[in-house]
Amino acid sequence: MRNYRKYEVWEIGHKLTKEIYLLTSKFPKEEIYGLTSQIRRASVSIPTNIAEGCGRLTDKEFGRFIDISLGSLNETEYLLFLSTELNFISESEFEPIAIQLNLLRQKLIQLRKKLLE
């Protein structure tokens with residue numbers, strides 16, 4: 001059984017999720033059940049699926065959960081992009097998170113390739 005806390009991708013995803021929770025706490029209150037909730041669910045799904053995949057017995061199964069994490073990452077990125085266009089967050093707030101998302105995407109893809117070799 002793998003320890004998810006030893007994976008850099010989990011650590012990055014966990015840190016990113018905490019940052020997104022802080023960022024979305026400033027969203028309009030009428031968005032609490034809309035965009036705020038959706039962004040938080042998508043972002044928390046990234047490290048959650050990495051952790052769940054670590055509990056699987058085969059690399060192929062783990063790889064499937066990495067794929068799900070990648071989908072959640074793309075969803076998170078889009079929702080944050082939309083939030084900038086709606087002026088819920090500024091470009092200067094979005095940019096560092098976008099950089100982290102791209103780094104995490106690259107690392108998840110590398111891990112998936114390694115698992116499927």
Side-chain angles (χ1 to χ4, degrees):
M1 174 132 345
R2 299 169 176 99
N3 181 351
Y4 64 88
R5 289 184 179 196
K6 291 185 178 181
Y7 282 84
E8 183 183 17
V9 291
W10 176 84
E11 192 175 314
I12 295 168
H14 176 67
K15 180 182 174 198
L16 189 61
T17 298
K18 292 189 303 183
E19 290 176 22
I20 288 170
Y21 263 74
L22 291 173
L23 183 65
T24 57
S25 69
K26 298 183 273 181
F27 278 26
K29 295 301 174 207
E30 64 267 13
E31 286 297 327
I32 192 71
Y33 300 111
L35 201 51
T36 304
S37 176
Q38 187 70 22
I39 292 170
R40 288 177 174 184
R41 283 194 317 266
S43 69
V44 82
S45 179
I46 300 166
T48 300
N49 277 291
I50 294 166
E52 186 173 354
C54 283
R56 300 303 167 149
L57 297 177
T58 67
D59 287 351
K60 184 178 179 182
E61 287 179 298
F62 186 21
R64 190 171 132 265
F65 283 89
I66 297 301
D67 286 339
I68 295 167
S69 290
L70 281 163
S72 296
L73 186 150
N74 287 330
E75 180 181 1
T76 300
E77 182 180 47
Y78 165 69
L79 293 168
L80 289 170
F81 172 76
L82 175 61
S83 297
T84 61
E85 295 212 330
L86 295 172
N87 296 314
F88 295 163
I89 59 175
S90 67
E91 278 290 328
S92 64
E93 290 171 309
F94 174 66
E95 190 58 34
I97 291 177
I99 290 168
Q100 289 178 3
L101 286 167
N102 283 325
L103 171 67
L104 183 54
R105 180 182 292 112
Q106 291 169 358
K107 290 187 176 293
L108 284 169
I109 290 168
Q110 289 170 355
L111 177 57
R112 183 181 61 187
K113 285 180 183 177
K114 184 177 177 184
L115 289 169
L116 300 178
E117 288 179 344

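The minimum heavy-atom distance between D59 and L115, with the atom names listed, is CB-O, 3.4 Å. The two residues S69 and S45 make their nearest non-hydrogen contact at OG-O, 4.2 Å. Scanning both residues, S72 and A42, for their nearest heavy atoms gives CB-O, 3.4 Å. Closest of all the heavy-atom pairs between E8 and K107 is OE1-NZ, 3.4 Å. Of all non-hydrogen atoms in K60 and L116, the two that sit nearest each other are CA-CD2, 4.3 Å.
Contact of the C54 side chain with the N3 side chain is not registered, since no non-hydrogen atoms from C-beta on lie closer than 4.5 Å. Inter-residue side-chain proximity for H14 and I50 is flagged as unmet; no heavy-atom pair is nearer than 4.5 Å. Under the 4.5 Å side-chain criterion, counting only non-hydrogen atoms from C-beta, R40 is not in contact with V44. Under the 4.5 Å side-chain criterion, counting only non-hydrogen atoms from C-beta, L57 is not in contact with F62. Inter-residue side-chain proximity for E75 and Q38 is flagged as met; some heavy-atom pair is nearer than 4.5 Å. Between T76 and I97, every side-chain heavy-atom pair lies at or beyond the 4.5 Å cut-off. Under the 4.5 Å side-chain criterion, counting only non-hydrogen atoms from C-beta, L80 is in contact with L101. Proximity of L70 to R112: side-chain heavy atoms (C-beta onward) are separated by under 4.5 Å at one or more points.
One hydrophobic cluster, built from ILVMFWY side chains closer than 4.5 Å, holds both W10 and L111. L82 is connected to F27 through a chain of hydrophobic side-chain contacts under 4.5 Å among Ile, Leu, Val, Met, Phe, Trp and Tyr, so both are in one cluster.
E11 has no carboxylate O lying under 4.0 Å from a charged side-chain N of R5, or vice versa, which leaves the two without a salt bridge.
Once rounded to the nearest 0.5 Å, the distance linking OG1 of T36 with OH of Y21 reads 10.5 Å. Going from atom CG of L79 over to atom OG1 of T24 covers 11.0 Å, rounded to the nearest 0.5 Å. Rounded to the nearest 0.5 angstrom, S43 OG and L16 CG are separated by 7.0 Å. Atom CG of L104 sits about 5.0 Å away from atom CG of L73, to the nearest 0.5 Å. Here the straight-line distance linking atom OG1 of T84 with atom CG of L86 works out to 8.0 Å at 0.5 Å rounding. The line from CD1 of I20 to CD1 of I46 is 6.5 Å long, rounded to the nearest 0.5 Å.
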List the steps and the verdict of ring-ring contact (aromatic ring centres under 6.0 Å, His included) for F88 and F94. CA-CA 10 Å; F88 295 163; F94 174 66; over 10 Å; no
Going through the distances and angles, do S37 and R41 end up as a side chain to side chain donor-acceptor pair (under 3.5 Å)? CA-CA 6 Å; S37 176; R41 283 194 317 266; 2.6 Å; yes
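A donor-acceptor contact shorter than 3.5 Å is absent between the side chain of E31 and the backbone of P28.
Between the side chains of S90 and E93, a donor-acceptor pair is found at a separation under 3.5 Å.
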